[in-house]
2 protein chains.
Amino acid sequence: MDATIEEVARRAGVSIATVSRSLRGREGVSPRTAERVRAIAHELGYSASPSASRLASGRAGTVAVIMPFLGRWFFSEVLDAAEPVFREAGLDLLLYHVGDRESRRKYFSVDLLRKRVEGVLLVSLPLTDAEIEVLHSLGIPVCTVGVALEGFRSVTIDDVSAARLAAQHLVNLGHERVALIAGDTEDPTLCGAPRDRRAGYRSVLEEAGTGLDPGLEARGDFTAAGGAMAAGELFARQHPPTAIFAESDEMAIGALGTLRRLGLRVPQDVSVVGFDDHPLAAALELTTVSQGVADQGRRVAEQLVASLTAGSGPGAGASEQVQLPTRLIVRGTTAVAKPAAGPSALAGAGDGKPRLGPAPGTRHGTAPGTVPRRNKEVAPTPGAVGLALPIRAQVTTQKGRAVQQ
Amino acid sequence: MDATIEEVARRAGVSIATVSRSLRGREGVSPRTAERVRAIAHELGYSASPSASRLASGRAGTVAVIMPFLGRWFFSEVLDAAEPVFREAGLDLLLYHVGDRESRRKYFSVDLLRKRVEGVLLVSLPLTDAEIEVLHSLGIPVCTVGVALEGFRSVTIDDVSAARLAAQHLVNLGHERVALIAGDTEDPTLCGAPRDRRAGYRSVLEEAGTGLDPGLEARGDFTAAGGAMAAGELFARQHPPTAIFAESDEMAIGALGTLRRLGLRVPQDVSVVGFDDHPLAAALELTTVSQGVADQGRRVAEQLVASLTAGSGPGAGASEQVQLPTRLIVRGTTAVAKPAAGPSALAGAGDGKPRLGPAPGTRHGTAPGTVPRRNKEVAPTPGAVGLALPIRAQVTTQKGRAVQQ
DNA sequence: CTGAAAGCGCTTACAG
DNA sequence: CTGAAAGCGCTTACAG
């Protein structure tokens with residue numbers, strides 16, 4: 001089971017060069033010889049030592065996937081979709097989790113990557129100029145997903161347009177106080193998604209003429225707990241919102257929990273839109289913006305594999321920037337704004353203090369009239385177009401009415 | 001930046017042997033020399049070629065993490081917790097996703113693992129005897145998490161006892177028709193978790209004297225969509241349950257969605273308990289069994305690293321089986337069974353047909369009196385004890401009452 | 001089509 | 001403490 005190439009060669013009565021050529025399907029070996037060698041290799045359970053063949057050939061046969069989070073849905077979904085592509089291409093997948101600044105410095109010191117991998121897939125990781133410089137100096141293909149980097153191939157969505165879909169949907173429903181639960185937009189190490197989604201949200205509100213209110217923005221850190229906290233803050237303020245757009249489904253679901261505890265009904269009292277189309281969003285009937293995460297993962301992996309096999313051929317170094325379409329999926333958490341609800345409807349929470357505890361005597365649920373509308377309304381973004389133009393998406397209700405929003 | 005050890009040696013005026021020793025912190029080098037060599041190596045941006053040093057030393061410096069799913073929460077959480085342990089130990093993490101039978105055969109053909117990694121972490125993957133045989137023949141440390149394998153170290157929980165916590169909780173609340181949403185218990189390739197959780201559930205029901213009703217079990221495939229389907233089936237049957245225990249939070253959340261669509265209130269009409277303590281479970285106030293997934297991931301990684309560094313020392317080959325404790329976390333989705341509700345309460349869904357559509361005029365929500373009780377009631381399992389004894393867990397309510405259940 | 005040989009860049013006994 | 005040299009197990013020009 002632990003045979004070496006020399007043993008195979010001896011057993012087959014050929015040179016090790018011939019064994020190597022036969023096993024790797026090279027030209028220049030007679031079919032008969034090749035076949036015999038393969039049979040013997042199989043019989044001996046031989047397989048080439050990766051380190052030896054890497055050292056001799058100079059090819060690492062490995063790609064690095066670098067992610068800042070492993071536990072969050074977006075990231076594991078990308079990994080799940082990318083992995084089979086690499087496997088198919090015969091590439092080993094070396095996983096790097098860069099969390100803190102410390103590990104970042106370490107991984108981007110070239111040492112860790114150079115001589116070790118022949119390609120890098122960077123997932124939603126924004127980098128400093130110095131880090132980008134390091135990646136360039138690696139001299140190997142680097143592809144990114146979730147964030148576009150100057151000079152590298154990437155697969156992304158248009159976060160501005162995607163966020164506009166969500167915000168516009170709420171504005172179209174008559175909401176005048178639309179809140180944002182943002183990811184961490186302060187941290188410069190975070191990637192462009194939170195920045196762009198916020199920009200999209202703001203642009204819609206500005207166009208709607210409702211003006212921007214800093215009191216309508218809160219931070220949720222892209223986690224359910226963060227979303228729950230953020231919703232708590234929003235409804236503790238002087239003028240609470242009537243609708244919430246959360247930059248991720250996980251935050252939106254956290255917000256739903258808080259709303260229930262506050263005794264606010266969804267969507268009667270408050271509408272909520274998420275972002276991602278997390279599997280649980282469908283289960284919870286959460287209206288959301290689907291960004292086809294699996295697609296992104298698969299595409300970027302294919303992009304990297306292509307860069308690897310293309311070698312230094314024509315266009316290999318070209319920084320192809322693919323932008324995938326997104327769409328709004330209207331489910332049960334959004335509804336027309338109440339005629340003139342005002343803060344009165346929020347009596348239970350409008351006392352100026354966060355009220356995360358339960359509100360006895362109130363209920364949370366989906367109103368009879370709004371539940372039936374499900375999963376039927378989608379609005380594709382321009383896709384592969386990066387302009388933040390006003391979205392006039394085609395929305396089809398279950399009854400078949402086409403609506404311009 | 002691409003210096004070789006020879007260049008460093010020349011530059012430092014020493015032999016490459018000395019460079020190697022200095023850089024690896026070996027004994028037998030004068031401090032002065034070692035320091036100078038390190039300085040020059042750093043200046044030249046030198047780092048040893050992994051494949052060369054692996055070939056020369058025979059050590060792979062890499063561990064394989066093998067998982068059947070990358071997208072499901074349990075798996076990404078384990079990965080997230082295990083990764084830093086390997087990084088700390090200077091080990092590369094090679095990720096293997098074995099889904100279909102095809103890729104399994106491939107990965108377990110020894111070739112893929114041998115000569116490539118020096119340790120294997122198997123996540124919740126049940127194996128055939130042949131596959132286990134292959135792992136043994138690898139001759140390297142193999143640790144498993146989520147499932148215990150004969151002859152290998154492992155970190156698991158007592159799934160039987162853990163499931164009993166959930167079922168007993170429901171029985172104690174007076175529920176006489178407790179349903180199970182199981183993972184795939186038919187598939188022999190699935191690991192012991194679904195089998196054991198079902199066993200725990202059944203044992204409680206048998207002890208409770210309510211008897212076992214096959215009509216109270218449905219399959220959910222460990223996904224939210226599967227859980228939603230399963231709940232639909234359960235409530236389409238002749239005698240629907242009044243409580244549900246789902247073998248994962250994702251399935252439980254899917255079930256919650258279905259219940260809402262059916263117009264059934266949680267927990268007034270139906271109680272629901274999940275399994276995992278998924279981050280979203282807290283947000284949704286889902287009563288669940290916490291199994292400390294991050295703990296399991298960290299522990300098993302440490303176990304593997306220990307096996308690696310212990311080498312063939314005393315007890316290195318011992319198959320240490322660690323069993324971590326679980327606990328019930330009572331939140332807002334479980335409540336005392338209705339006095340004598342019977343199928344009447346389920347009028348809207350008791351027509352014998354799956355009724356996944358919305359039920360107009362009904363609401364879903366958390367009752368005033370039950371919401372306040374949150375996150376305070378926990379019941380540790382015996383931990384590290386594998387016996388499926390009747391659980392008499394200590395449960396403390398928010399009001400401080402101690403309850404024997 | 002086939003083989004002998006150099007070489008990939010390290011590590012590790014073995015001498016000194 | 002230090003160095004010269006063998007060797008890890010392959011791949012790849014280079015001859016034939």
Side-chain angles (χ1 to χ4, degrees), chain A residues 1-38 40-41 44-62 90 92 110-112 114-118 311, chain B residues 1-38 40-41 44-62 90 92 110-112 114-118 311:
Chain A
M1 279 292 234
D2 220 7
T4 181
I5 195 174
E6 203 177 334
E7 290 164 32
V8 177
R10 196 173 325 161
R11 200 75 153 44
V14 297
S15 70
I16 60 174
T18 297
V19 173
S20 178
R21 286 193 275 252
S22 301
L23 262 29
R24 311 181 67 231
R26 297 287 188 182
E27 309 227 307
V29 185
S30 82
R32 293 189 57 249
T33 311
E35 188 45 54
R36 187 160 46 89
V37 169
R38 276 194 290 267
I40 290 174
L44 265 46
Y46 169 80
S47 69
S49 151
S51 35
S53 78
R54 281 167 195 176
L55 177 59
S57 71
R59 289 205 55 203
T62 304
D92 278 347
V110 186
D111 302 12
L112 274 290
R114 171 158 305 194
K115 303 174 184 171
R116 181 165 260 141
V117 299
E118 53 185 291
Chain B
M1 278 292 234
D2 220 8
T4 180
I5 195 173
E6 203 177 335
E7 290 165 32
V8 177
R10 196 175 324 164
R11 201 71 153 47
V14 296
S15 70
I16 61 174
T18 297
V19 172
S20 178
R21 286 192 276 253
S22 300
L23 262 28
R24 312 181 67 230
R26 297 285 189 182
E27 310 228 309
V29 184
S30 82
R32 290 191 57 247
T33 311
E35 187 46 52
R36 186 160 46 88
V37 168
R38 275 195 290 269
I40 290 174
L44 265 45
Y46 168 79
S47 70
S49 151
S51 35
S53 77
R54 280 167 195 176
L55 176 58
S57 72
R59 290 205 54 205
T62 305
D92 278 347
V110 187
D111 303 12
L112 274 290
R114 171 157 306 192
K115 305 175 184 172
R116 181 166 258 139
V117 299
E118 52 185 293

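A, B, ... follow the sequence lines: proteins, then strands. Residue 1 opens every chain.
Each of B:A56 and B:V14 has a nearest nucleotide on DNA chain D; the 5'-most of these lies closest to B:V14. Both A:E6 and B:S15 lie near DNA chain D, and the one whose nearest nucleotide falls closer to the 5' end is B:S15.
What separates CZ of B:R116 from C1' of D:dC8 is a distance of 17 Å, to the nearest Å. When rounded to the nearest whole Å, the span between CZ of A:R10 and C1' of C:dG3 equals 16 Å. Atom-to-atom, CD1 of A:I5 to P of D:dG7 comes out at 19 Å; the value is rounded to the nearest Å. Rounded to an integer number of Å, the gap from CG of A:L55 to C1' of C:dG9 is 5 Å. Rounded to an integer number of Å, the gap from A:I16 CD1 to C:dG7 P is 15 Å. Per the geometry, CD belonging to A:E118 stands 16 Å off C1' belonging to C:dC8, to the nearest Å.
At a cut-off of 3.5 angstrom, the base of C:dG9 holds no donor-acceptor pair with the side chain of A:R54.
The backbone N or O of B:I16 lies less than 3.5 Å from no partner atom in the side chain of B:S20, so there is not a single donor-acceptor pair. A donor-acceptor distance shorter than 3.5 angstrom exists from the side chain of B:S15 to the backbone of B:T18, with no hydrogens or angles considered. A:R36 places a side-chain N or O within 3.5 Å of a backbone atom of A:A12 that can act as its donor or acceptor partner.
Within the model, atoms CG of B:D92 and OG1 of A:T62 stand 9.0 Å from one another, a figure rounded to the nearest 0.5 Å.
Considering only side-chain N and O atoms, B:T18 lies under 4.0 angstrom from the phosphate OP1 or OP2 of D:dG3. When the side-chain nitrogen and oxygen atoms of B:R21 are compared with OP1 and OP2 of D:dC1, none of them lie within a distance under 4.0 Å. Using a 4.0 Å cut-off, no side-chain N or O of A:R32 falls inside it from OP1 or OP2 of C:dC1. Contact annotation: B:S57 does not reach the phosphate of C:dC10 (side-chain N/O to OP1 or OP2, under 4.0 Å). For the pair B:T4 and C:dC10, the criterion of a side-chain N or O lying under 4.0 Å from OP1 or OP2 is met. Listed pair A:S20 / D:dT11 meets the phosphate criterion, a side-chain N or O lying under 4.0 Å from OP1 or OP2. Contact annotation: A:S30 side-chain N/O to C:dT2 OP1/OP2 distance is under 4.0 Å.
Residue-level contact check: A:T33 touches the backbone only, with heavy atoms under 4.0 Å from sugar-phosphate atoms and none from bases.
Contact record, A:S30 with A:T33: OG-OG1, 2.6 Å, taken as the closest heavy-atom pair.
The nucleotide C:dC14 finds its pairing partner in D:dG3, both defining distances of the Watson-Crick or G-U wobble pair being shorter than 3.5 Å.
Residue A:A52 places its side chain closer to D:dG9 than to any other of C:dG3, C:dT2, D:dG9.
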